[in-house]
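Take a look at the structure below.
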Amino acid sequence: MKKLIAVFLVGLFAVASASAQNKLIGMKRAKQIASQRVKGKIKSAELEKEHGKMIYSFDVSTGKGQITEVNIDAYTGKIIAVDVENKKDEAKEKAEDMKEMKKP
């Protein structure tokens with residue numbers, strides 16, 4: 001009987017764990033994580049699918065015209081990338097976003 005209960009509890013934990021992995025951390029929590037990683041003012045924030053993964057993407061103005069992009073896994077809260085962008089990079093990214101939006 002103890003083995004049956006143990007197997008049941010392990011199965012229940014596995015199901016709970018799997019469903020927790022399918023839940024987004026939320027924009028508020030993602031902003032907290034981004035703000036802890038890069039100091040500055042968040043200029044834009046979005047939830048997007050990039051390379052097949054759902055991410056929160058933040059553009060943070062860090063001063064002197066510099067923008068740092070912080071990407072956070074939308075499910076785990078793990079920081080995926082932190083990239084300092086220049087104006088050319090930012091313009092290229094906006095053009096790619098506009099192109100994606102026009103696709104049916």
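Just the heavy atoms: all of them, side chains too, but no hydrogens, waters or symmetry mates, feed the values below.
- A heavy-atom distance below 4.5 Å is found between the side chains of I33 and I79.
- Side-chain contact check for T68 versus D59: every heavy-atom pair is 4.5 Å or farther apart.
- Of the N and O atoms on the side chains of S57 and E69, at least one donor lies less than 3.5 Å from an acceptor on the other residue.
- Here the CD atom belonging to E48 is positioned 8.5 Å from the CE atom belonging to M54, to the nearest 0.5 angstrom.
- Of all non-hydrogen atoms in L47 and A74, the two that sit nearest each other are CD1-CB, 3.8 Å.
- Taking NZ of K53 as the reference point, atom CG of D73 lies at 4.5 Å (rounded to 0.5 Å).
- When all heavy atoms are compared, the tightest approach of F58 to A34 is CD1-CB, 3.6 Å.
- The shortest distance between side-chain heavy atoms of K39 and T62 does not fall below 4.5 Å.
- I25 CD1 to Y75 OH: the interatomic distance, rounded to the nearest 0.5 Å, is 11.0 Å.
- The NZ atom of K31 lies 11.0 Å from the OH atom of Y56; values are rounded to the nearest 0.5 Å.
- Two residues are said to be in side-chain contact when any heavy atoms from C-beta on lie closer than 4.5 Å; Q66 and V84 meet this criterion.
- The distance from the CG atom of N71 to the CZ atom of R37 is 11.5 Å, given to the nearest 0.5 Å.
- Taking every heavy atom of both residues into account, S35 and I42 meet most closely at OG-CD1, 3.8 Å.
- To the nearest 0.5 angstrom, K23 atom NZ is 15.0 Å from T76 atom OG1.
- Members clustered with I55: I80, by chain and number, using a 4.5 Å side-chain heavy-atom cutoff among hydrophobic residues.
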